[in-house]
Amino acid sequence: MARIMSSPYIGYLIVQGNYKWALGGCVVFGLTDALDGFIARRYNMKSFVGSILDPAADKVLMTTLTLALAYNGLLPTTLAAIIIGRDISLSLAAVVIRWATLPPPKSPKRYFDLSIPSVEVRPTLISKWNTALQLLLMATTLASPVFGVPANHVYLLALQWATGATTVASGIGYLTSKDAVHRLTKAEVAKRIPKPHILPKKK
């Protein structure tokens, strides 16, 4: 949650031209993300809610970086529109899919109850490549003014084209692939719903 709340401040730093501090904030963001993942795996602390919040925190940061860098002219507006447009399209599709696959009885309360899973999103290969390219693009674009690299450097331009192409391809892949979204069976849902902790009876 702290990472989600810190993203707007990083965006503010970028808009104000404080690229060094913004870059430092992103480094801290990445380190805490890696630490959270290590702790969850090491001590088996994974949860359905965590599986939603962790990607959400990453997406909030990526969206913030995209908008802030485009606002300052470090990222092409067209590319920013492609990235944000894909995310909006997938978010709208997720809203519809969530309601369609919600186990009965359906209600707004159960819809927003993250402890009741209904589908599992399985990233496609192209989406994994796109995620890596987006991370690399945002990092190098943010670092470019810190190290005096021009925004129209051939390396950055090539990275922008590759990111744009894979963003479009991954969006189409999610919307058309039958394997990208897996509807959970009743047995799978039952396994993933947290069971209430029952205290032992006193003798």
Side-chain angles (χ1 to χ4, degrees), residues 1-38 49-95 121 123-175 180:
M1 189 61 68
R3 285 183 285 144
I4 294 178
M5 296 177 64
S6 65
S7 293
Y9 181 66
I10 293 177
Y12 171 78
L13 291 174
I14 294 174
V15 171
Q16 294 299 314
N18 296 323
Y19 300 114
K20 290 183 179 180
W21 283 100
L23 183 60
C26 288
V27 171
V28 173
F29 194 108
L31 291 175
T32 56
D33 188 22
L35 181 61
D36 287 347
F38 171 77
V49 175
S51 69
I52 296 295
L53 291 180
D54 282 345
D58 296 336
K59 184 55 63 179
V60 169
L61 178 63
M62 291 296 294
T63 301
T64 301
L65 292 175
T66 301
L67 294 174
L69 292 171
Y71 181 83
N72 276 21
L74 295 175
L75 200 67
T77 305
T78 302
L79 178 58
I82 291 174
I83 294 174
I84 301 300
R86 188 206 71 154
D87 290 343
I88 292 176
S89 299
L90 293 180
S91 297
L92 293 175
V95 170
V121 178
T124 60
L125 179 60
I126 189 65
S127 72
K128 293 180 180 179
W129 277 103
N130 176 246
T131 299
L133 286 171
Q134 282 194 24
L135 288 171
L136 182 60
L137 176 62
M138 297 305 160
T140 53
T141 302
L142 180 55
S144 62
V146 176
F147 297 100
V149 178
N152 61 348
H153 192 279
V154 63
Y155 171 77
L156 287 175
L157 294 178
L159 192 54
Q160 290 169 6
W161 276 99
T163 302
T166 54
T167 298
V168 174
S170 64
I172 295 174
Y174 270 123
L175 296 176

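Below, each value reflects all heavy atoms present in this structure, side chains not excepted, and no hydrogens, waters or symmetry copies.
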Quick check: do Leu65 and Cys26 have side-chain heavy atoms less than 4.5 Å from each other?
yes
Give the minimum heavy-atom separation between Gly11 and Ala68, together with the two atoms involved.
O-CB, 3.8 Å
Residues which pass side chain to side chain donor-acceptor pair (under 3.5 Å) with Thr166, listed by chain and number, not counting sequence neighbours:
Asn130
Check side chain to side chain contact (heavy atoms under 4.5 Å, CB included) between Ala22 and all other residues, then give those that pass, not counting sequence neighbours.
Ile10, Leu13, Ile14, Leu142
Nearest 0.5 Å please: distance from the CG atom of Leu159 over to the OG1 atom of Thr141.
7.0 Å
Could you tell me which non-hydrogen atom of Leu156 sits nearest to which non-hydrogen atom of Ser144, and how far apart they are?
CD1-CB, 4.1 Å
If we only count heavy atoms from C-beta on, is the Ile126 to Ile172 side-chain gap below 4.5 Å?
no
Output all residues satisfying side chain to side chain contact (heavy atoms under 4.5 Å, CB included) with Leu135, sequence neighbours left out; order by chain, then residue number.
Met62, Thr131
Determine, stepwise, if the pair Leu75 / Leu137 fulfils side chain to side chain contact (heavy atoms under 4.5 Å, CB included).
CA-CA 9 Å; Leu75 200 67; Leu137 176 62; 4.0 Å; yes
Please enumerate all residues that pass side chain to side chain contact (heavy atoms under 4.5 Å, CB included) together with Ala143, with sequence neighbours excluded.
Leu23, Phe147
Heavy-atom nearest pair, Ala151 first then Leu74, reads CB-CD2, 4.3 Å
Got a sec, which pairs hit side-chain hydrogen bond (donor to acceptor under 3.5 Å, both in side chains) with one end in residues 151-164, sequence neighbours left out?
none
Could you give all pairs that pass the salt bridge (Lys or Arg N to Asp or Glu O under 4.0 Å) test and reach residues 68-90, with sequence neighbours left out?
Lys59-Asp87
At their closest point, which heavy atom of Ser127 faces which heavy atom of Ser170, and how far apart are they?
CA-CB, 3.8 Å
Using the side-chain hydrogen bond (donor to acceptor under 3.5 Å, both in side chains) rule, collect all pairs that involve residues 62-81, keeping only residues at least two apart or in two chains.
Tyr19-Asn72
Output for pair (Ile83 CD1, Thr167 OG1), nearest 0.5 Å, gives 5.0 Å
Val95: partners by side chain to side chain contact (heavy atoms under 4.5 Å, CB included), with sequence neighbours left out
Tyr111
Interatomic spacing from CG in Leu136 to OG1 in Thr140 - rounded to 0.5 Å
5.0 Å
